[in-house]
Number of protein chains: 2
Amino acid sequence: MEKNITTSEGGGDGQAASPQGQAAKHQSELDCSKCEARHRCLGEGLSEEQLLGLRKITRTLGPFQPGEAIFRVEGKFKSLFVIQSGAAKIETASFEGAKLVDGFFFRDDLVGLESIGAQQYGHDAIALERTLVCELPFNQLESLCSFVPRLQRKLLIILGQKIRYTNETIVHGRYVSGEKRLLFFLQMLCEKKIIKKNDNTGSVDLPMSKGDIASYLGLRPESLSRVLTKLQSDGIIRNHTKKIEFLDIKAILQQVCR
Amino acid sequence: MEKNITTSEGGGDGQAASPQGQAAKHQSELDCSKCEARHRCLGEGLSEEQLLGLRKITRTLGPFQPGEAIFRVEGKFKSLFVIQSGAAKIETASFEGAKLVDGFFFRDDLVGLESIGAQQYGHDAIALERTLVCELPFNQLESLCSFVPRLQRKLLIILGQKIRYTNETIVHGRYVSGEKRLLFFLQMLCEKKIIKKNDNTGSVDLPMSKGDIASYLGLRPESLSRVLTKLQSDGIIRNHTKKIEFLDIKAILQQVCR
DNA sequence: CGCTTAATTGACGCTTATCAACTGTGGTGG
DNA sequence: CCACCACAGTTGATAAGCGTCAATTAAGCG
């Protein structure tokens, strides 16, 4: 009604594109029809025809290299981004100027929801590894939502889930020890990232630094390090630079739930 | 498309209504056309005709007395509620069984956003004073959003704002002292509640208990009490049971911003 | 007017931050 | 290929902030 939702040429963005001009380089590699995320991302439950409408407004961007920005805090808010492959974080400067990590995003996750209704993005979105994203221009997505009730519902559900997740982890996390916050985080990582598990053991490759994890959990790097050391001496995990081994997954799940 | 948005008889809720059966008692008192919140709540920017559509799906509930539940954590998620007058809080039981206050709501605020996409409400919503609310059945609201793009946009914006507000207060609040968290909270109260201010002084009547404030700020009641005592001895506030006087509003604003 | 609960105050201890030193790691250039 | 550097990560010592426990005072309610 307010907007047409025809083309995907997008008209002059110039901020979300990779600095090296690599935007859409892998277009064919990951269009919606082949994307294995199409049943989990916004397109879940849509008919083929409706998926086509969604595909028309999207385009693939990337690959973004580790440390490269998908968008920056100064940029005008225009689009949401689905992580097709790879991982990203969002971070802001605190009052004192230190960088605070406000979220991690993995395959199928939507980045940019935090800025809906704002003029500008409120965070830097930084790729943590080689990352491909699917850009969803927000105005066009809104228009499409008006025509496709399932899509509107899905977007609202995702927003509600995000609010709940923050509440359960960060808000309620204020009342639990750093150790349990970490265990909760590791549990989440296990669900998100494919973890090679043999029997009761496994491991996760960490795309982010320990410092990022500490910031996200509301801890100092030193404190997180101490927690990791303790869990290792307890025989629950084995701590590496870019990887954490789980020696007793059941123990982790038990610790978290009480 | 999926639902009709005609009547407002709502078909058997039986959970949100006041126990005393006082639902809609003040219907005439606060229908949308007279409601002074109609330009600030979801109806902002809507034409008279569109407002009529919104009014058709809503009804006023209450008054809820202090301590009375607008909805409870077991209840099936069906509706959002706009606070027409009064105030409310949402709270959950933590792991240990203690009640945690996750939010306060004042005039024009939407309660229930936290449960969008869930089967059941995730909180108890409790009135803090004599409170009237406007019920928005969510399915009907969704349908209406499909027909009224401005309404869809408004709902999305409100969700985005809620995410940002939580991030700025709770998430970033983990890195600041209890004293500053309180000052930030008082500043917010000043903006929400009408504060009688003479020159550089003023006061807020607190609809919630000190214990509720402490919980919301992530503090123990004892710790909050100490902060209040300190601020009083610093000459910034005067602390009463149900009221806080501001002796130096500028000092509060200054303290918060660094 | 007595009861129940909220709020305050004090003493003490624990979790985590802070400061500092050291170690490991990855990247760069000779 | 190795030496060097920059920085992430770890470890230790210390302290600040807040939680916990206990006792007291104040406030709301029948």
Side-chain angles (χ1 to χ4, degrees), chain A residues 65-67 89 91 94-101 126 128-129 170 172-183 185 205-234 237-244 255, chain B residues 65-68 89 91 94-101 126 128-130 170 172-183 185 205-234 237-245:
Chain A
Q65 300 304 319
K89 66 176 173 181
E91 59 182 13
S94 72
F95 298 111
E96 295 83 20
K99 292 273 186 183
L100 296 184
V101 175
I126 310 290
L128 294 168
E129 50 191 24
I170 311 291
H172 287 191
R174 294 180 300 176
Y175 295 97
V176 303
S177 66
E179 181 175 328
K180 282 185 184 164
R181 294 210 290 275
L182 173 64
L183 288 170
F185 176 76
D205 291 315
L206 301 175
M208 72 294 281
S209 69
K210 299 272 173 72
D212 283 345
I213 296 175
S215 175
Y216 178 70
L217 294 177
L219 294 170
R220 300 289 138 172
E222 299 95 323
S223 299
L224 176 64
S225 181
R226 274 180 246 277
V227 172
L228 287 167
T229 304
K230 181 185 175 298
L231 288 176
Q232 177 161 319
S233 69
D234 287 354
I237 65 168
R238 194 166 295 155
N239 184 27
H240 302 86
T241 314
K242 292 260 121 194
K243 186 170 78 172
I244 291 182
Q255 296 261 4
Chain B
Q65 300 304 320
E68 204 176 327
K89 66 177 174 181
E91 58 182 14
S94 72
F95 298 111
E96 295 82 21
K99 291 274 186 181
L100 297 184
V101 175
I126 310 289
L128 294 167
E129 50 191 25
R130 185 181 181 280
I170 311 291
H172 287 190
R174 293 180 300 175
Y175 295 96
V176 302
S177 66
E179 181 175 327
K180 283 184 184 164
R181 293 209 291 274
L182 173 64
L183 288 170
F185 177 75
D205 291 315
L206 301 174
M208 72 292 280
S209 70
K210 300 272 173 70
D212 284 344
I213 296 175
S215 175
Y216 178 70
L217 294 176
L219 294 169
R220 300 290 138 173
E222 298 96 322
S223 298
L224 175 65
S225 181
R226 274 180 246 276
V227 172
L228 287 167
T229 304
K230 181 184 175 298
L231 289 176
Q232 177 161 318
S233 68
D234 288 353
I237 65 168
R238 194 165 295 154
N239 184 27
H240 303 86
T241 314
K242 290 262 122 194
K243 187 171 76 171
I244 291 182
E245 283 182 80

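Naming convention: chains lettered A, B, ... in sequence-line order (proteins, then strands); numbering from 1 in each chain.
The shortest distance between the side-chain N/O atoms of A:S177 and the OP1/OP2 oxygens of C:dT16 is not below 4.0 Å. OP1 or OP2 of C:dT8 has at least one side-chain nitrogen or oxygen of B:K210 nearer than 4.0 Å. In this model, the phosphate group of C:dA7 is not approached by any side-chain N or O of B:N239 to a distance below 4.0 Å at OP1 or OP2.
B:R181 contributes a side-chain N or O that, together with a main-chain N or O of B:V176, makes up a donor-acceptor pair within less than 3.5 Å. In terms of modelled atom types and a separation under 3.5 Å, the side chain of A:T229 and the main chain of A:S225 share a donor-acceptor contact.
Counting non-hydrogen atoms of neighbouring residues, nucleotides and ligands closer than 6.0 angstrom, the CZ atom of B:R174 exceeds 12 such neighbours.
One can place CE of A:M208 at 16 Å from P of D:dA8, the figure rounded to the nearest angstrom. At whole-Å resolution of the value, CZ in A:R238 and P in D:dT10 are 15 Å apart. In this structure, the NZ atom of A:K230 is 20 Å from the C1' atom of D:dG9, given to the nearest Å. Across the protein-nucleic acid pair, B:H240 atom NE2 and C:dT8 atom C1' stand 15 Å apart, rounded to whole Å. Atom NZ in B:K243 sits about 13 Å away from atom P in D:dA27, given to the nearest Å. Here the P atom of nucleotide D:dT25 and the CG atom of B:L228 are 20 Å apart, to the nearest Å. The separation between A:E179 atom CD and C:dT15 atom P is 10 Å, rounded to whole Å. For the pair B:D212 CG and C:dA6 P, the interatomic distance rounds to 10 Å; values are reported in whole Å.
For the pair A:E222 and A:R220, the salt-bridge criterion is not met [side-chain N within less than 4.0 Å of a carboxylate O].
For the atom pair A:L224 CG and A:F185 CZ, the distance stands at 9.0 Å (nearest 0.5 Å). Between the NZ atom of A:K89 and the CG atom of A:L100 there is a distance of 11.0 Å, given to the nearest 0.5 Å.
Residue B:S209 is the one, among A:G178 and B:S209, whose nearest nucleotide of DNA chain C lies closer to the 5' end (criterion: closest heavy atom).
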Scoring nucleotides 17-25 of chain C by protein non-hydrogen atoms under 4.0 Å (B base, S sugar-phosphate only, - none) yields SBB------

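Of the candidates D:dG28, D:dT11, C:dT9, the closest approach to any side-chain atom of A:S225 belongs to D:dT11.
The side-chain heavy atoms of A:I244 and A:L206, taken from C-beta on, include a pair separated by under 4.5 Å.
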